[in-house]
Amino acid sequence: MSKSPGTAGTRDGRDLRGELIAAAVAMLAQPQPVAVPSLRSIARACQVAPSAVYWHFPSEVDLRSAVLDTEYTSMISAIEAALDGAPDGADRLVVAGDAYIAWALEHPGAYQLLFESDDELPATRAEHGPRLQRRIVERARRVDPQAPFAAALLLWSAWHGVVSLLLHKTEWDWGITPPRGQTAPGGCPHDSPLLTGILRRERFPAP
């Protein structure tokens with residue numbers, strides 16, 4: 001005889017169902033790990049024995065760091081290439097945001113490892129980051145001449161939020177971007193009123 005969800009697991013006055021939910025909620029009070037593929041799965045993909053991986057990476061931590069270095073460099077290069085190749089008159093902040101979001105949607109697992117895990121950004125990984133950061137902050141001066149870094153951080157927060165929604169809540173039509181692989185009029189892969197509003201927030205002075 002099956003038990004209803006409301007009564008299953010209740011015995012001797014103990015609400016085990018409620019305890020299980022509470023335990024899971026308590027665990028979620030801490031960030032959950034986002035794992036790089038295991039050494040065994042990577043070795044299997046390369047058709048080598050797992051022991052061969054250790055000739056190049058003493059531990060899974062070393063492999064994880066090398067993967068993150070590679071992916072971070074890929075992201076920076078994609079954004080810089082988009083900025084360098086943007087046509088005259090293009091809004092460089094929109095170009096940077098489009099490139100950031102496009103890279104994230106094309107590399108969802110890597111994006112999660114970079115920005116949704118607790119991994120640090122050591123010197124090797126952050127080598128190219130400051131250069132791009134300076135370019136974005138300089139462009140953000142037109143949004144807020146007095147606090148360009150804060151404006152740039154606000155933009156990045158919006159880009160990150162867009163990526164997170166598109167990656168994790170795929171059942172919703174967020175009205176942020178056309179289907180993947182398509183482009184909006186003018187060649188931009190993403191047409192977000194949210195981001196446009198942030199870029200033009202000087203139109204809405206604080207009360």
Kindly work out whether a path of hydrophobic side-chain contacts (I/L/V/M/F/W/Y, heavy atoms less than 4.5 Å apart) joins Phe149 to Ile136.
no
In this structure, CG of Leu83 is separated from CG of Leu93 (nearest 0.5 Å) by 8.5 Å
Could you tell me if the side chain of Glu71 sits less than 4.5 Å from the side chain of His107, heavy atoms only?
yes
Closest non-hydrogen atom pair between Pro37 and Ile42, with its separation:
O-CD1, 3.5 Å
Walk me through whether Leu165 and Trp172 qualify under side chain to side chain contact (heavy atoms under 4.5 Å, CB included).
CA-CA 9 Å; Leu165 291 174; Trp172 282 75; over 6 Å; no
Show the atom names and distances, to 0.1 Å, of all donor-acceptor pairs under 3.5 Å that link a side chain in residues 48-63 to residues at least two apart or in another chain.
from  : atom 1 : to    : atom 2 : distance (Å)
Ser59 : OG     : Val61 : N      : 3.3
Ser59 : OG     : Asp62 : N      : 3.3
Ser59 : OG     : Asp62 : OD2    : 2.7
Asp62 : OD2    : Ser59 : N      : 3.3

Single-linkage hydrophobic cluster, 4.5 Å side-chain cutoff, Val137 and Val94 together:
no
Could you tell me whether the side chain of Ser164 and the main chain of His160 form a donor-acceptor pair under 3.5 Å?
no
Got a second to check how far Arg134's CZ is from Arg139's CZ, nearest 0.5 Å?
14.5 Å
Against Ile79, only a single residue in Leu132, Asp84, Val95 fulfils side chain to side chain contact (heavy atoms under 4.5 Å, CB included); can you say which?
Leu132
Side-chain touch Glu80/Arg135, heavy atoms, less than 4.5 angstrom:
yes
For Pro145 against Pro148, the heavy-atom pair lying closest together
O-CD, 3.7 Å
Over all atoms of both residues, closest heavy-atom pair of Ala104 and Tyr111
CB-CD1, 3.4 Å
Is there a side-chain contact between Met75 and Glu106, using heavy atoms and a 4.5 Å cut-off?
no
Which distance, rounded to the nearest 0.5 Å, do you find between the CZ of Arg64 and the CG of Leu39?
11.5 Å
Which pairs of donor and acceptor atoms, one on a side chain in residues 150-158, lie under 3.5 Å apart (sequence neighbours left out)?
from   : atom 1 : to     : atom 2 : distance (Å)
Trp156 : NE1    : Tyr100 : OH     : 3.0
Ser157 : OG     : Leu153 : O      : 2.9

Minimum heavy-atom distance between Trp103 and Ala110, given as atom pair plus value
CH2-CB, 3.9 Å
Report yes if some heavy atom in the side chain of His168 is under 4.5 Å from a heavy atom in the side chain of Gln112; otherwise report no.
yes
